Visitor: 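If you scroll down you'll find the structure; I have some questions about it.
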Amino acid sequence: APAATAHPAEVGLPVSLRKHFRPGPEAPLLRGACEGRCPDPPGSLPAGLWLGVEWDNPERGKHDGSHEGIVYFKCRHPTGGSFVRPNKVNFGVDFLTAVNNRYVLEDGPEEDGKEQPVTIGNKPVETIGFDSVIKQQSQLSKLQEVSLRNCVVSCAGDKGAIAKACPNIRRVDLSRNLLSSWDEVLSIADQLKHLEVLNLSENKLHFPSVSPSLAGTFPALKVLVLNRTGITWAEVLRCAPGWPVLEELYLKSNDISISERPADVLQTVKLLDLSSNPLIDENQLFLIAYLPRLEQLILSDVGISSIHFPDAGTGCKTSMFPSLQYLVVNDNQISQWSFINELDKLQSLRALSCVRNPLTEGGSGPQTTRQFIIAKIGQLKTLNKCEILPEERRGAELDYRKAFGNEWKKAGGHQDPDKNRPNDAFLAAHPRYQSLCLKYGAPEDGELKTRQPFLLKNQLLTLKIKYPNQVDQKVTEKQLPDSMTIQKVKGLLSRLLKVPVSELLLSYESPKMPGREIELENDQQSLQFYSVENGDYLLVRCTRL
């Protein structure tokens, strides 16, 4: 039907039909309407019964509910409204009718017990076991998961019918339907005592102006999806007492502005998705900063550019977001490294997704940006869904320490701990730099020399090659490009030693870290990736010796 996803306002409808519609704000009857008919006074619509419709997609409408200067109803969007005849509108079905339409197998003539032929394209396909699957789905009392997306569900239906027919449902997808009020949702959910997951996305719902009664609760609900429902933050808090064990709450694309701190509600929530709500800023985030169990916070496409935790100084941890382990800030306006510096203050942060931001899209390249983020957030284990291995962290921190070594010295840094006093401006820009110096040692003058122009001779490393398993082999020196992969180094050594590449194991030692041996285990990475430097020892072992 052309208006299948529209929500007709209560305009010119008989009382018996009004329950099927979500009335828009101030939606009176058409002027002169009587028993569903409308005369044709000057300046009004043509005679007959008309419905005022506010479309989910405002591009389908033509006006705001007005016609020739007369306001018949009001829309949220100036082009979201239309007038349509009743026969053009799908009034929707109740929940149980939709379940029956989708899951119940209608009785039909049997053909000697044979499977019915199925054709895909022009090819016949033999079906084995389809009937048993369909019959199993048709046993409504055993259904635990139901998907009714885009099935024009508009109401709960007869009281108690759902509980009688399918009481064991645990997961329901009711997205993109014609549900118009939270009360109808409660009427459905009250009959599903085991309901754990409920998706109501893309239903333009009217929420109660006062808190629902305690009778209208979701005792087992753990996941609630309310994307594009038009809910406000105040309405979230008003309904939240009915979600006593909720763990995941999705509120994407609702133009939400966090207006008050949750008090005694949402205390069990572990995941909160606030994506595509452009009214949210860092000050509003502080209102949810003390949710005790919040582990995942999704803030993609909210326009955020900065954040600051005022209760924690440089190098300290904030008391805000105490349980937050995974933060998503994709598609925002983050352009300053100060944002990343602040994230190191989160005491439980282990995973970060930060793509398609000015900071990550421009500058010195994605690999360098990744290294700097890793170096700046010491406890991070995953970045942009890629695990940070110990070798990558070590390389990133050493490169970061070297990259800003000259700046550190100019700011008052010194190899002598008693003289090492970088100024506050440097420490604010690089809060972890001092801890990296404690971890790896302060950068030496030789490391901080300006890199020579890119010539092969300037990129060669002079390495001392030792063979720990072969005491008769003398230590030799060899010059290798720092861009040379471990695989190619093994190939070179294979030819020199006349042993297969698969039998070679490589590692290295640095005079700067005596007694510590670093394995070169990734054949696709370069010597530079592992921070191998001039004068280091390359240790070569053969597995058959």
Side-chain angles (χ1 to χ4, degrees), residues 281-283 285-286 299 303-321 324 327 329-330 332-347 349-350 352-380 383-384 388 392-451 531:
D281 59 31
E282 63 171 307
N283 293 322
L285 295 179
F286 297 153
L299 296 172
I304 193 170
S305 60
S306 62
I307 195 167
H308 175 63
F309 301 109
D311 64 326
T314 301
C316 299
K317 298 297 183 182
T318 177
S319 61
M320 298 183 181
F321 298 103
L324 187 62
L327 177 64
V329 287
N330 301 332
N332 280 297
Q333 300 301 317
I334 301 167
S335 60
Q336 302 297 323
W337 284 109
S338 57
F339 188 101
I340 305 299
N341 291 340
E342 288 295 306
L343 298 186
D344 186 55
K345 296 179 179 180
L346 293 169
Q347 54 187 290
L349 188 67
R350 297 295 180 268
L352 173 68
S353 187
C354 180
V355 298
R356 296 182 298 276
N357 281 280
L359 182 68
T360 59
E361 295 302 300
S364 52
Q367 184 58 35
T368 300
T369 300
R370 178 179 172 85
Q371 286 187 308
F372 284 5
I373 292 175
I374 292 171
K376 283 178 172 289
I377 306 177
Q379 70 273 24
L380 210 60
L383 177 58
N384 299 331
I388 302 169
E392 183 181 14
R393 172 162 291 283
R394 180 180 181 276
E397 291 178 340
L398 285 172
D399 285 351
Y400 181 84
R401 166 181 158 275
K402 183 188 299 184
F404 296 96
N406 286 319
E407 187 177 335
W408 167 74
K409 288 188 67 175
K410 291 178 182 178
H414 200 280
Q415 283 89 358
D416 185 344
D418 295 331
K419 299 179 181 179
N420 182 23
R421 297 184 182 86
N423 58 38
D424 292 341
F426 179 85
L427 293 177
H430 307 278
R432 291 200 70 231
Y433 199 89
Q434 292 288 77
S435 65
L436 295 180
C437 288
L438 291 173
K439 185 175 181 179
Y440 299 107
E444 299 179 359
D445 292 341
E447 296 179 76
L448 305 181
K449 290 180 180 179
T450 304
R451 197 170 181 87
S531 299

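Keep in mind that this is a model prediction, so the values were computed, not measured.
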Visitor: Nearest 0.5 Å, what's the NE2-OG1 distance between His308 and Thr318?
Guide: 9.5 Å

Visitor: Are the side chains of Arg370 and Ile388 in touch, meaning some heavy atoms are under 4.5 Å apart?
Guide: yes

Visitor: Taking side chain as C-beta onward, heavy atoms only, is Gln371 less than 4.5 Å from Ile373?
Guide: no

Visitor: Atom CG in Asp344, atom CG in Leu352: separation rounded to 0.5 Å?
Guide: 11.5 Å

Visitor: Got Asp399 and Phe372 here, is their nearest side-chain heavy-atom distance under 4.5 Å?
Guide: no

Visitor: So, do Tyr433 and Phe404 have ring centers that fall under 6.0 Å from each other?
Guide: no

Visitor: With a 6.0 Å cut-off (strictly less than), is the heavy-atom count around CG of Asp416, excluding the residue itself, greater than 12?
Guide: yes

Visitor: Would a 4.5 Å heavy-atom cut-off, applied to side chains only, mark Asn332 and Arg356 as touching?
Guide: no

Visitor: Just wondering, do Met320 and Pro310 contact through their side chains at under 4.5 Å, heavy atoms?
Guide: yes

Visitor: Hey, could you give me the CG/NZ distance between Leu436 and Lys376, rounded to the nearest 0.5 Å?
Guide: 10.0 Å

Visitor: Could you tell me whether a side-chain N or O of Asn420 sits under 3.5 Å from a main-chain N or O of Asp418, the two making a donor and an acceptor?
Guide: no

Visitor: Should His430 and Glu407 count as side-chain neighbours, where that means a heavy-atom distance under 4.5 Å?
Guide: yes

Visitor: Any chance you could measure Leu285, atom CG, to Phe309, atom CZ, to the nearest 0.5 Å?
Guide: 8.5 Å

Visitor: Any idea which heavy atoms bring Cys437 and Pro443 closest together, and the distance?
Guide: SG-CD, 3.9 Å

Visitor: When you compare the side chain of Asn341 with that of Gln336, does any pair of heavy atoms fall below 4.5 Å?
Guide: no

Visitor: State whether a side-chain donor-acceptor pair under 3.5 Å links Ser306 with Glu282.
Guide: yes

Visitor: To the nearest 0.5 Å, how far apart are CZ in Arg350 and CG in Leu327?
Guide: 13.5 Å

Visitor: Taking the side chain as everything from C-beta on, heavy atoms only, tell me whether Glu397 gets closer than 4.5 Å to Arg432.
Guide: yes

